[in-house]
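Note that the coordinates shown come from a computational prediction; the quantities given were computed from them, not determined experimentally. By convention in this document, chain letters (A, B, ...) are assigned in the order of the sequence lines, proteins followed by strands, and residues within each chain are numbered from 1.
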Amino acid sequence: MAAPAVARPPIIRTERLRRLASGRNAIVALVALLVAYLSLVPLGFLLWQTFVRGGHLTLASFREAYSETGLFDMTANSFAFAAGSTALAVVVGTGLAHLVVRTDVPFKPLMFAASLVPLIIPGILHTIAWFFLLSPEIGVLNLHFIHPLTGHDFNVTSIPGMILVEGLHLAPLVFLLMVASFRSMDPSLEESAVMSGAPLRSVFFRITLPLARPALYAAILIMAVRTLESFEVPAVLGLNQHIWVFTSRIWSTLNAVPPDYSTAGAYAMSLLVLTTIGVFWHGRLANRARAYQTVTGKGFRPRAIPLGKWKWPATVLILAYFVVSVVLPLAILFYASTQQFYSPPTHYTLTHLTWDNYKTVYHDPLVRHGFKNSLILGLGTATAVMLIAAVASWIVVRTRLRGRWLIDNLAFLPLTIPGLVLGVAILSIYLRTPWLPVYGTLWILFIAYLTRYIPYGMRYSSTSMFQIGRELEESAQMSGAGWFQVFRRIVLPLLMPGFVVVSVRELGSSVLLYSPGREVLSIAIWEMWRNGQFPELCALGVLMVGGLVVLVGVAYKLGARIGVREA
Amino acid sequence: MLTIRNLVKTFGAARSEKHKRVHAVDDLNFDVREGELFTLLGPSGCGKTTTLRCIAGLEMPDRGEIAIDGRVLFSSEKRVRIPANERGLGMVFQSYAIWPHMNVFKNVAFPLRVMPRKQRPSKRELKERVERALTVVRLDHLADRQATDLSGGQQQRLALARALVLEPPLLLLDEPLSNLDAKLREEMRFELKRLQRELGITGIYVTHDQVEALAMSNRVAVMRDGKIEQIDHPRAVYERPRSRFVADFIGTSNFIDGTVESREGGTYVVDTDAGKLRITSDKEYSVGAPVVVTARPEHIELNTSLNGVGPNVWRGRVEARAFLGEVVDHVVSVGPHELRARCNSKVSIPAPTEVTLRFHEEAFSLIPAGE
Ligand SMILES: Nc1ncnc2c1ncn2[C@@H]1O[C@H](COP(=O)(O)OP(=O)(O)O)[C@@H](O)[C@H]1O
Ligand SMILES: [Mg+2]
């Protein structure tokens, strides 16, 4: 059906000019520039610093970086660590998700509680807790279980130890991803296999897993990227043993005297390439999965397959997982926070508890700074991300602006930048731009967080923008509300607590950028760890976990579920 | 062949009504005979699927006993509970549940491939059996096709082949035709019936579609709120509904309240406030008992000649009519009642016209008042 050609009414030139110069367009332009600045400039500087020396292109920094001794070990370690923890997280997370969604295993709520662990126990605290649990000689589990049973200690400061800790911290993420995938799968696909006479094992391996393949691949890629860019575990468990991976190497190159920026840049570039491959591959898979999707996400009634004789083993498994992933780390943190000096629990230490550490922590200027700065940065970043993401996604979703796809991609780009690499890149900019004096202030952290969270903010606000629909916006305009008012409704203020939670925990992108007096809480913990102030650290950790529980609770109440979970 | 005794299944209710449980299946008893297609018919949410899933073993009943040919599959008393994958029953799901990651052949071969190692057929036998099953449902030419490339009707037949490949003693079908469009549904209805008869399959068929139920089954059980209202042959369910619910759910009915005035063997005279009706019934009613007479609209004849009034011949006035293609519906007022009469399209009487209503004997069924 060809529409009859209608002559367009001529637009009066002044009218057009007036429109172009409107506040709305100014904001659109500003945000577009800002997004481009935030995501392109650090990468540009990183490239420049790594490849350009003395005015011409060179691979010297790569040559230097990669001619250092132990380079092969570092690469091998990185891959072993990433592969191992990904495998562990995926196996544990998928298995538990299947049990919870598809079987009649009891204590399901416990699993969902455990899935909050990565949110409420920051990576660095989690790692330190496991250090106390499993380090040779002083590790509680080693002393009381592993040594008596096997005659050996399990050494957590080793690649297998690092894999275990990282895998445990990531398993809940896989769990949530796979829960969503299993839930959207028509249960009758499995039930018809049961009716065909297949035992549970065959149903799982021949029907369920193959059907969940898209989600599974996605989980594997996400976890691989996460582990490659993980800093906490290699830093806490690997540094003293000289078990290097990319991230810890970057950190140590920059902490050496004098710091070697171009070598750090070379490592950072390598890491960036790896994570970028991972993220884009994931994006392609996700697109293909959507195209191939035959298993639709109808509202199925949850159906539980009876486990029969496997019910008891499965129950034990779930309880054991909960104890290992939630109870043990929290218990050891709490225990250590009540001791004058850290030593493994005995009758004596358990009867001589002290609250002094909490007092010390309360008066510690480091902690006070950390708290204040975390709060300021958390709120500030959340607000800024919300505003920028809302405008950017409005441009992408609602306008027909040429080049809007570019904004979409630019806003997405920082997703591929590991926190530590972003730190290197941002450092490299603001060390060279004395006319922009943000180095040594909170602003540099603010810029880092902003860059890091824009992709997430973008995702949520464009999703909700799609959902809210054009009508709401148009009707608001018709009823006289301006563009700005319309915006406040579309921008979900719900994102706020989610981002506060995130920035309190963030260590990777902070560790290179803070300066005395500008610490955030995760940095405070990191510093205490480096100084050996274990009991105080644990006291601060307990307080932090408490605070995060409250924040996460608020976030959930407000419904920012997805935002909190994925970020 | 299949016997169900005192089957009860409840579900925890939604959070708002904490203390109430939904009685999805409420003390069910019935038997299914060898070789028959037995239908569970009822409105959505009456517990048909739940009943079927209890038989399949996918749902665990709270109480009762389920046995096939004397083999107890479930018994709360004897503490027997055979898992679904060991019951050896065939089932066709409403969504077909075709595995999208396998082709047609592999979908059908799956039940044979997961058999315990000792009973598993050889490669050649497996191929033969799968091909036989595919031939029965006329899909043999599509064996290599990816399952997701099949049309709705073909997926339906594939699901059937997969359920039949183990030659189960009992086939369970949960609204297998509800996802097909109207034309195809009619076609598949006959196809299914033909297969069932030719292969001598015993089947339990669940549907909320009365036409389907009447057309296909040997016997129909009409369910309501987890209980069976009536089990009968399709014709009897239609012509002799035992309760107001059944009469209302299957076809359209007029309901006329009255009391039994006199009785002569199986023939009753019922007095209503619009006149008298003579009705035969195999149920016992004493004189003076309040009853409800149901009358099917297609068994009420309208006539514009106004002669003769008596039992089963009433006088009324046409109030409205609707042309429905093959038939014409009239709304006729008789005293305080408005009755619906369905005539063939040659009879079409404009409103308002005085008419004579003649009730055919088979129009009636007598049910106790208050049910
Ligand atoms: N898994 C379940 N959890 C809670 N309620 C259920 C569940 N399955 C069925 N029900 C309830 O049991 C009743 C019967 O359901 P169902 O057997 O599916 O009905 P039908 O198949 O006849 O439409 C309904 O009220 C339904 O809401
Ligand atoms: Mg149903």
Check each atom of R53(B) against the heavy atoms of chain A and say whether the ones under 4.5 Å are side chain, backbone, both or neither.
side chain

Which one wins on heavy-atom pair count under 4.5 Å against chain B: V194(A), L200(A), D104(A), V203(A)?
V194(A)

Please classify the contact of E59(B) with chain A as side chain, backbone, both or neither, using a heavy-atom distance under 4.5 Å.
side chain

Counting only heavy atoms not in K108(A) (residues, nucleotides, ligands), do more than 12 fall under 6.0 Å from its NZ?
yes

Which atom names give the shortest non-hydrogen contact between R185(B) and L180(B), and what distance separates them?
NH2-O, 3.0 Å

Checking ring-ring contact (aromatic ring centres under 6.0 Å, His included) between F112(A) and each of F107(A), F322(A), F175(A), which is the one that passes?
F175(A)

Least distance between heavy atoms, Q146(B) atom then N103(B) atom
NE2-N, 3.9 Å

Of the listed residues (V114(B), L89(B), I98(B)), which shares the most heavy-atom pairs with chain A below a 4.5 Å separation?
V114(B)

Need one label for M60(B): side chain, backbone, both or neither, based on atoms under 4.5 Å from any heavy atom in chain A.
neither

Tightest non-hydrogen contact, residues L40(B) and K48(B), listed as O-CD, 3.7 Å

